[in-house]
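In what follows, chains are A, B, ... by sequence order, proteins preceding strands, each numbered from 1.
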Number of protein chains: 2
Amino acid sequence: MTKHYILQHAVDEFAHFGYEGFSTNKFSQKIELNKATIYYHFKDKKNLYQEVLLYLSENNTDGVTRLMGSEMNSRRKLEGYIRLYVQSIKKHPQIVPIGLRETANYGSGIDDIFAREIARDMEQLETIIAGLPLKAKYKKYKAHEIKAFISGTVKTYYAMQRSSAFQKSQRADGEILDHIGSFVTDCLLDALCEDKGE
Amino acid sequence: MTKHYILQHAVDEFAHFGYEGFSTNKFSQKIELNKATIYYHFKDKKNLYQEVLLYLSENNTDGVTRLMGSEMNSRRKLEGYIRLYVQSIKKHPQIVPIGLRETANYGSGIDDIFAREIARDMEQLETIIAGLPLKAKYKKYKAHEIKAFISGTVKTYYAMQRSSAFQKSQRADGEILDHIGSFVTDCLLDALCEDKGE
DNA sequence: GTCTATATAACGATAGAC
DNA sequence: GTCTATCGTTATATAGAC
């Protein structure tokens with residue numbers, strides 16, 4: 001299906017150049033399809049980008065919802081939450097640059113549907129945290145700080161490892177992401193939770 | 001001085017729209033200066049952007065260097081390192097969106113001078129970490145993970161608080177940044193270091 | 001559903017008057 | 001040092017043939 005073909009390649013193109021840097025001219029040439037064909041399948045550039053965002057966020061919330069319904073304790077649920085996040089980036093590494101740019105735009109390009117998905121994700125993380133045996137000094141922190149820790153650290157580390165400004169370790173994506181995922185999980189649990197609590 | 005006037009406003013414009021989204025036409029109208037005047041003071045758009053990056057990174061490395069030469073123990077030095085980072089964003093909040101987009105670009109727009117500054121910063125952080133009484137399980141982590149934690153979490157949290165997609169707390173910049181700075185500091189020291197070590 | 005051809009606007013950048 | 005005027009290019013988007 002042509003529409004799917006366009007979408008798949010648009011994910012890479014937006015990840016590489018960003019929304020403003022994305023050119024329909026160059027993109028159509030690169031994927032060897034006429035520009036008008038793209039406009040037949042997608043209303044405009046903005047619509048194509050929104051579909052890309054939707055495609056990248058698919059099934060993420062489902063996994064977390066399944067996790068919430070499980071019998072695990074809160075420590076395991078937080079581990080699972082981070083693992084699901086890492087897995088989503090393994091599946092679609094384009095989430096990293098696209099997500100970082102969205103963060104940089106202070107959510108100006110986020111529509112209502114997306115805002116609601118974000119709110120739901122934040123509520124689920126909030127629930128997990130509420131079940132943790134938090135040390136007293138960490139009780140003032142909520143889901144926002146933890147979310148910023150997880151997504152900020154994982155994306156930044158992945159981008160650093162892919163960056164030309166740092167010595168490239170040339171490790172595979174999966175290895176890099178598992179590594180930083182473990183760091184975030186260990187760091188969070190060791191810092192925030194009472195020893196061997198729960 | 002006109003050149004400084006242009007630069008000051010360019011910082012805001014690039015922070016708002018990104019490099020590709022920055023229009024010399026609109027920018028010149030906004031600051032009520034002729035477009036040709038801008039091109040008299042700056043060779044081209046790329047040069048203006050590089051000067052913006054340079055302006056935003058001024059004096060940051062100096063503070064860290066001063067910190068390194070002090071008599072503090074490594075815990076205090078790490079606290080100081082994070083505080084200096086937070087202060088640099090307080091002084092120039094535009095670092096957040098611009099920095100996030102640079103990270104998203106995997107360092108493709110970073111020239112050699114900048115790459116060397118980054119490398120030096122990383123070495124200094126490495127030295128601080130080497131002096132910490134790390135728990136055995138954290139000895140495998142280096143400056144890259146810690147750097148990603150600090151800069152990723154602070155920037156992401158600040159952007160989230162400024163974002164329309166989240167409930168805005170309407171706190172002032174300084175308050176937001178001190179808050180997340182404390183979180184990062186506490187979290188890092190509590191997780192990584194042996195209790196009351198050193 | 002995919003193409004050719006084109007409309008219209010904005011882009012970055014510069015020549016030259018003052 | 002700042003302006004007017006304009007160049008050449010590229011951008012997003014569409015009308016209409018097939």
*For B/Tyr85, what residues pass the ring-ring contact (aromatic ring centres under 6.0 Å, His included) criterion, not counting sequence neighbours?*
none

_Roughly what angle, to 10°, lies between the helix axis at the start of the helix from C/dG1-D/dC18 to C/dC18-D/dG1 and the one at its end, five pairs per end?_
0°

*Hey, is the main chain of B/Phe22 close enough, under 3.5 Å, to the side chain of B/Lys45 for a donor-acceptor pair?*
yes

*Residues two or more places apart in sequence or in another chain: which of them pass side chain to side chain donor-acceptor pair (under 3.5 Å) with A/Asp173?*
A/Tyr158, A/Arg162

*Do any pairs count as a ring-ring contact (aromatic ring centres under 6.0 Å, His included) and have a residue in residues 116-152 of chain B, sequence neighbours left out, and if so which ones?*
A/Phe149-B/Phe149, A/Phe166-B/His144, A/His179-B/Tyr141, A/Phe183-B/Tyr141, B/Tyr138-B/Tyr141

_What residues from residues 37-45 of chain B pass a heavy-atom cutoff of under 4.0 Å to DNA chain D?_
B/Thr37, B/Tyr40, B/His41

*With sequence neighbours excluded, give me every salt bridge (charged side-chain N to carboxylate O under 4.0 Å, His left out) pair touching residues 137-148 of chain B.*
A/Asp190-B/Lys137, B/Asp121-B/Lys147

Sequence neighbours left out, cut at 3.5 Å: what donor-acceptor pairs do the side chains of residues 105-112 of chain B make with other protein atoms?
residue	atom	partner	partner atom	Å
B/Asn105	OD1	A/Arg101	NH2	3.0
B/Asn105	ND2	B/Arg101	O	3.3
B/Ser108	OG	B/Asn105	O	3.1
B/Asp111	OD1	B/Phe114	N	3.0

*Tell me, do B/Lys30 and B/Glu13 make a side-chain contact under 4.5 Å, heavy atoms counted?*
yes

*Identify the 5'-most and 3'-most nucleotides of DNA chain C with at least one atom closer than 4.0 Å to a non-hydrogen atom of chain B.*
C/dC11 to C/dA15

*Might you point out which heavy atoms bring B/Ile176 and B/Gln161 nearest each other, and give the distance in Å?*
CD1-CB, 3.8 Å

*Near DNA chain D, which residues from residues 8-35 of chain B have a heavy atom under 4.0 Å away?*
B/Leu33, B/Asn34

*asked:* Enumerate the salt bridge (charged side-chain N to carboxylate O under 4.0 Å, His left out) contacts for residues 79-88 of chain B, please, sequence neighbours excluded, ordered by first and then second residue.
replied: B/Arg76-B/Glu79

*Apply ring-ring contact (aromatic ring centres under 6.0 Å, His included) to B/Phe17 and list each qualifying residue two or more places apart in sequence or on a separate chain.*
none

*Side-chain donor/acceptor of A/His92 to backbone N/O of A/Ser88, under 3.5 Å*: no

_Pairing residues for B/Tyr49 by the ring-ring contact (aromatic ring centres under 6.0 Å, His included) criterion, not counting sequence neighbours_ = B/Phe14, B/Tyr19

